[in-house]
Amino acid sequence: MKIAFVGKGGSGKTTLSSLFIRHLAANEASVIAVDADINQHLGVALGLDEAQAAALPAMGAQLPLIKDYLRGSNPRIASSETMIKTTPPGEGSRLLRPGEDNPVFDACARTVRLDDGEVRLMATGPFTESDLGVACYHSKVGAVELCLNHLVDGPDEYVVVDMTAGSDSFASGMFTRFDMTFLVAEPTRKGVSVYRQYKEYARDFGVALKVVGNKVQGQDDLDFLRAEVGDDLLVGIGQSDWVRTMEKGRPAPFELLEADNRMALQALQNTAEDSYEQRDWERYTRQMVHFHLKNADSWGNEKTGADLAAQVDPSFVLAEHLAEANAAQPA
């Protein structure tokens, strides 16, 4: 399942995504964690020190390798240079499966060992000095979007993406790539402002959205959030001594996380699992093509010098059974 964490800057989005990742690993799920925020903090939240987090390979730097691998033998793609972040898979494309080994994961993912298991961690890479004034951060997450377009995942496999803060997530079609989006909101007017934006933008695309209240101190905070977001409120997370020690670099064993907060994380997992029953691969593929054609018309054709609409395979629908055929392709 593909899960996104979004929210206002400072809402605790990265902290909650890291707690959810730890929870999944403790429950023996297969997990790929992706840091797609402009501020790269997920690695540290998962226990890496600053030097280890800084040494993570940047997915953006591996984009030529990613394109070349995913292109496979797809006859509709003339060269990997004509692939853009929204290029959809078709007959002959190579697909990604969370639990497998492949050149993309070899180049971009690193194993992080946690108290009760391990996860693969991938990062878009930070906004560098050479990007200042000439690049948009959304170009950095293009590698993530391209990988999600070619990802085939099952009910016991998780890809958890810590998205960029605020409504910037809507600068690409990546917001439609998830089975469930958890929006982290503090119980304040500013805290729910991003929710209203996200709800409005996502309405026409059937994005499954649930609100996770963070820094909740009592029933009044929950009542406020319920009044603002209605039935989209899933659960509230309270203050955590475990999180405070973790943020000081002295985390206790994860099993000592407060019982109420562990129950809240289980509620997130239950909701994610329920979302799998609503998965519609045909709609997923249709939305993928929709955003690809929009990008082709607005900038892609001009940039690549190719008719990118021709990359669309009209008979192709991404689905789980395709992973077996993909496994037979030579790397």
Side-chain angles (χ1 to χ4, degrees), residues 1-7 13 32 34-38 59-60 63 66-67 70-71 74 76-77 80 82-90 93 95-96 104 122 124 135-153 159-183 194-195 197-209 275 278-304 306-314 316-319:
M1 282 162 285
K2 296 176 284 290
I3 309 298
F5 278 80
V6 300
K13 170 179 62 66
I32 291 179
V34 182
D35 192 343
D37 196 352
I38 189 170
M59 292 181 70
L63 195 53
I66 293 170
K67 289 180 177 180
L70 297 180
R71 177 192 172 209
N74 187 334
R76 294 177 178 273
I77 303 175
S80 57
T82 64
M83 294 178 72
I84 61 174
K85 63 181 183 177
T86 52
T87 295
S93 295
L95 305 177
L96 303 174
V104 173
M122 304 171 74
T124 59
C136 171
Y137 183 72
H138 305 299
S139 65
K140 298 283 187 182
V141 300
V144 180
E145 186 168 359
L146 192 59
C147 287
L148 289 176
N149 280 358
H150 291 74
L151 183 76
V152 181
D153 55 306
V159 177
V160 181
V161 182
D162 181 20
M163 298 279 279
T164 191
S167 57
D168 284 354
S169 302
F170 289 93
S172 75
M174 198 163 75
F175 74 96
T176 65
R177 304 295 85 205
F178 301 100
D179 297 293
M180 175 58 62
T181 296
F182 292 124
L183 189 146
V194 172
Y195 162 79
Q197 289 178 304
Y198 219 106
K199 185 74 171 180
E200 182 64 28
Y201 294 154
R203 192 182 312 277
D204 294 335
F205 295 95
V207 172
L209 178 67
S275 74
Q278 308 301 318
R279 177 175 286 188
D280 183 344
W281 283 109
E282 289 189 359
R283 184 181 71 180
Y284 188 86
T285 304
R286 191 165 58 247
Q287 290 177 343
M288 190 190 316
V289 169
H290 167 78
F291 282 104
H292 179 62
L293 295 178
K294 284 188 66 175
N295 279 272
D297 286 341
S298 63
W299 59 269
N301 289 344
E302 181 178 356
K303 180 177 180 179
T304 63
D307 177 13
L308 300 187
Q311 293 180 344
V312 176
D313 184 342
F316 183 87
V317 176
L318 196 65

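Values below: every heavy atom of this structure, side chains too, minus hydrogens, waters and symmetry copies.
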Could you pull out the closest heavy-atom pair between [X] and [Y], with the gap in Å?
{"X": "Met180", "Y": "Ala208", "value": "SD-O, 3.6 Å"}
{"X": "Ala4", "Y": "Met163", "value": "CB-CG, 4.0 Å"}
{"X": "Asp35", "Y": "Asp37", "value": "OD1-N, 3.2 Å"}
{"X": "Ala319", "Y": "Val152", "value": "O-CG1, 3.5 Å"}
{"X": "Leu308", "Y": "Ala296", "value": "CB-CB, 3.7 Å"}
{"X": "Gly60", "Y": "Ala143", "value": "N-CB, 4.3 Å"}

Salt bridge (charged side-chain N to carboxylate O under 4.0 Å, His left out) against Lys67, all qualifying residues, sequence neighbours excluded: none
Any donor-acceptor pair under 3.5 Å from [X] side chain to [Y] backbone:
{"X": "Arg71", "Y": "Ile77", "answer": "yes"}
{"X": "Arg177", "Y": "Tyr284", "answer": "yes"}
{"X": "His290", "Y": "Gly173", "answer": "no"}
{"X": "Thr124", "Y": "Val141", "answer": "no"}

Look up atom [atom1] in [X] and atom [atom2] in [Y], then write down how far apart they are to the nearest 0.5 Å.
{"X": "Asn74", "Y": "Thr87", "atom1": "CG", "atom2": "OG1", "answer": "9.5 Å"}
{"X": "Thr285", "Y": "Asn149", "atom1": "OG1", "atom2": "CG", "answer": "9.5 Å"}
{"X": "Leu95", "Y": "Cys147", "atom1": "CG", "atom2": "SG", "answer": "11.5 Å"}
{"X": "Ile66", "Y": "Ser80", "atom1": "CD1", "atom2": "OG", "answer": "11.5 Å"}
{"X": "Ile32", "Y": "Ile3", "atom1": "CD1", "atom2": "CD1", "answer": "13.5 Å"}
{"X": "Met83", "Y": "Gln311", "atom1": "CE", "atom2": "CD", "answer": "7.0 Å"}

Does the side chain of [Y] come within less than 4.5 Å of [X]'s, by heavy atoms?
{"X": "Leu96", "Y": "Leu70", "value": "yes"}
{"X": "Ile84", "Y": "Lys303", "value": "no"}
{"X": "Ser93", "Y": "Arg76", "value": "no"}
{"X": "Val6", "Y": "Val194", "value": "no"}
{"X": "Lys2", "Y": "Val161", "value": "no"}

Parallel, tilted or perpendicular: ring planes of Phe291 versus Phe175, cut at 30 and 60 degrees: perpendicular
Side chain to side chain contact (heavy atoms under 4.5 Å, CB included) assessment of Phe178 paired with Leu148: CA-CA 9 Å; Phe178 301 100; Leu148 289 176; 3.9 Å; yes
Can you name the residues that form a ring-ring contact (aromatic ring centres under 6.0 Å, His included) with [X], not counting sequence neighbours?
{"X": "Trp299", "value": "none"}
{"X": "Tyr195", "value": "none"}
{"X": "Phe5", "value": "Phe20, Phe182"}

Residues that Gln287 engages under side-chain hydrogen bond (donor to acceptor under 3.5 Å, both in side chains), provided they are two or more places apart: none
Residue pairs, two or more places apart or on separate chains, that pass salt bridge (Lys or Arg N to Asp or Glu O under 4.0 Å) and touch residues 278-292: Asp153-Arg279, Asp179-Arg279, Arg279-Glu320
